Amino acid sequence: MMIKKNAYIKGTGSYVPPKILKNDFFEAIGSSDEWIYKNLGIKERRIAEGEVTSDLAYKAGLEALKEADLTPEDIDLIIVATSTPDRQAPSTACFVQEKMGAYQAVAFDISAVCSGGLYGIAIGCQFIETGMYQNVLIIGADTFSTITDWERKDSVFFGDGAGAILLSGTTEDKGFFDFKLHADGRGKYHFNIPAGGSEMPASEETLKQKLHYFQMNGKEVFNTATKVLPETITEILEANKLSADDVDWVIPHQPSIRILQETARKVNIPFEKVMTNMDKYANTSGGTIPIVLDETYKSGKIQPGNILLFAAVGSGWTWGTALYKA
């Protein structure tokens with residue numbers, strides 16, 4: 001008889017490129033450090049130079065392995081959540097696997113943009129809970145600087161970075177115990193990259209029109225996020241008979257400080273419980289949740305028995321929540 005295992009966090013890691021781009025860079029397009037920090041919570045972001053997405057992912061993954069006291073040979077599965085893969089084919093996860101030398105590991109990518117880290121965790125947990133795999137490496141990594149039109153005002157939002165989570169199986173009373181994931185394709189045009197896929201292959205015209213850069217409707221992002229995040233947080237807490245008071249720490253995607261503040265207000269969670277790092281890194285898309293989780297663990301805030309609430313919203317639309325007992 002197979003003993004059911006929970007998926008728990010055995011190790012975390014993160015990596016951001018050394019180059020720092022401060023807010024004063026954006027004064028040339030009519031923005032300012034004061035406006036960006038007040039409305040978005042961003043002071044600076046990291047920009048990759050001479051590194052691709054798999055490089056960032058590989059370095060974050062190695063740190064998670066080190067924290068978990070495992071070797072690349074111990075990994076059964078590598079999942080990379082990214083919107084900025086090294087290439088359309090093969091998967092960035094295969095590049096990471098090769099760089100690690102983890103040749104026995106299954107490897108694939110997922111695309112859920114800013115919800116990618118959370119979606120990846122949910123997928124990894126299923127493989128562990130069914131007993132198929134024991135050690136699953138989830139990496140969220142993006143180099144949004146490669147798909148950013150620096151002449152647009154929404155170029156202030158994003159930065160480059162990667163975070164990694166090593167999930168393992170345990171029979172102890174800890175680990176992820178619920179997920180609520182959602183998607184709504186009717187919002188697909190409010191944040192998208194028009195060209196480069198089969199719908200609009202690369203051409204001289206798509207390059208001329210800058211259609212390989214992301215396009216964002218900031219108002220729709222804010223309105224959607226501040227609607228669906230409180231709804232799904234309430235959904236998962238009620239399903240598990242928990243209240244906002246039972247949550248010790250919130251580990252969210254980092255869309256903007258105003259979105260997180262409004263979400264916390266609507267669900268009555270004190271904002272000091274909401275972990276943020278967008279002041280240093282901006283929005284690193286798929287990397288946000290694993291990076292802020294890594295920093296929160298290393299800060300010593302998370303103690304055994306703590307309840308963590310994960311939350312994310314991204315292009316698609318995609319969004320969801322998770323609950324974890326440390």
Side-chain angles (χ1 to χ4, degrees), residues 23 26 29-45 83 112-119 140 142 144 147-159 161 180-194 213-236 244 250-289 291-292 309-321:
N23 287 341
F26 300 98
I29 58 170
S31 195
S32 70
D33 175 65
E34 181 183 7
W35 187 93
I36 296 169
Y37 186 62
K38 178 182 177 182
N39 290 278
L40 307 181
I42 299 167
K43 293 294 288 184
E44 59 190 38
R45 71 281 296 139
S83 306
V113 197
C114 295
S115 301
L118 183 58
Y119 269 49
D142 271 303
F144 254 63
I147 56 168
T148 296
D149 178 356
W150 297 103
E151 295 179 355
R152 287 174 58 102
K153 286 195 173 182
D154 54 19
S155 61
V156 304
F157 279 86
F158 292 94
K180 302 295 180 187
L181 302 180
H182 302 275
D184 185 350
R186 289 169 293 185
K188 62 185 178 293
Y189 294 122
H190 293 303
F191 189 105
N192 79 117
I193 302 165
Y213 296 129
F214 78 82
Q215 298 179 359
M216 179 172 68
N217 182 332
K219 182 178 180 181
E220 284 295 329
V221 170
F222 181 86
N223 290 342
T224 299
T226 54
K227 176 180 182 292
V228 301
L229 284 177
E231 288 176 350
T232 190
I233 289 171
T234 300
E235 174 191 22
I236 200 168
V250 181
I251 309 296
H253 161 55
Q254 307 287 297
S256 78
I257 199 74
R258 287 182 59 216
I259 287 175
L260 295 185
Q261 288 169 339
E262 181 65 8
T263 298
R265 184 190 69 79
K266 285 186 174 181
V267 297
N268 296 312
I269 292 179
F271 196 68
E272 54 266 27
K273 290 185 177 182
V274 180
M275 299 295 97
T276 66
N277 61 8
M278 66 190 75
D279 59 322
K280 298 181 292 184
Y281 308 132
N283 181 347
T284 54
S285 190
T288 54
I289 281 181
I291 293 173
V292 78
L309 170 67
F310 293 74
V313 59
S315 173
W317 302 111
T318 59
W319 69 96
T321 47

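Note that the numbering runs from 1 along the sequence shown for the chain. Because the structure is predicted, anything quoted here is derived from the model rather than measured.
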Please find the pair of heavy atoms, one from G159 and one from R45, that lie closest to each other, and give the distance. CA-CB, 3.8 Å
Looking only at non-hydrogen atoms, find the nearest pair between V156 and S31 and report the distance. CG1-OG, 4.3 Å
For I289 and F310, what are the C-alpha separation, side-chain angles and deciding distance, and is it a side-chain contact (heavy atoms from CB on, under 4.5 Å)? CA-CA 8 Å; I289 281 181; F310 293 74; 3.7 Å; yes
For K266, I'd like to know if atom NZ has over 12 heavy atoms of other residues, nucleotides or ligands within 6.0 Å. yes
With heavy-atom distances below 4.5 Å as the criterion, would you say the side chains of F26 and D33 are in contact? no
Minimum heavy-atom separation for H190 to V221, with atom names? O-CG2, 4.4 Å
What is the distance from atom CD1 of I269 to atom CG of L260, rounded to the nearest 0.5 Å? 11.0 Å
Kindly check if the number of other-residue, nucleotide or ligand heavy atoms within 6.0 Å of OH (Y189) is above 12? no
Between K38 and E34, does at least one N-O distance fall below 4.0 Å, as a salt bridge requires? no
So, T232 side chain and L229 main chain: donor-acceptor pair closer than 3.5 Å or not? no
Distance from N268 atom CG to I233 atom CD1, nearest 0.5 Å? 11.0 Å
Interatomic distance, D279 atom CG to K43 atom NZ [nearest 0.5 angstrom]: 9.0 Å
Kindly indicate whether the side chain of D154, heavy atoms from C-beta on, has any atom under 4.5 Å from the side chain of F214. yes
Work out which heavy atom in E44 is nearest to a heavy atom in N23; give both atom names and the distance. N-OD1, 4.3 Å
OG1 (T318) and OH (Y119) are apart, to the nearest 0.5 Å, by 5.0 Å
Using a 4.5 Å cut-off on heavy atoms from C-beta on, say whether the side chain of I236 contacts that of L309. yes
Can you check side-chain contact (heavy atoms from CB on, under 4.5 Å) on F144 and S83, steps first, answer last? CA-CA 8 Å; F144 254 63; S83 306; 4.1 Å; yes
Under 3.5 Å, is there a donor-acceptor pair linking the side chains of T148 and S155? no
side-chain contact (heavy atoms from CB on, under 4.5 Å) assessment of M278 paired with I257: CA-CA 8 Å; M278 66 190 75; I257 199 74; 4.1 Å; yes
Non-hydrogen atoms of H253 and N283 that approach each other most closely: CE1-OD1, 3.1 Å
Ignoring hydrogens, what is the shortest heavy-atom contact between A264 and V274? Give both atom names and the distance. CB-CG2, 4.2 Å
To the nearest 0.5 Å, what is the distance between NZ (K273) and CD1 (I251)? 12.5 Å
Spacing of L181 atom CG and W319 atom CH2 [to the nearest 0.5 Å]: 10.5 Å
Would a 4.5 Å heavy-atom cut-off, applied to side chains only, mark T284 and N277 as touching? no
Under 4.5 Å between any side-chain heavy atoms of W150 and I29, yes or no? no
Tell me, do T276 and Q254 make a side-chain contact under 4.5 Å, heavy atoms counted? yes
Applying the ring-ring contact (aromatic ring centres under 6.0 Å, His included) test to F191, which of F222, F158, F157 qualifies? F158
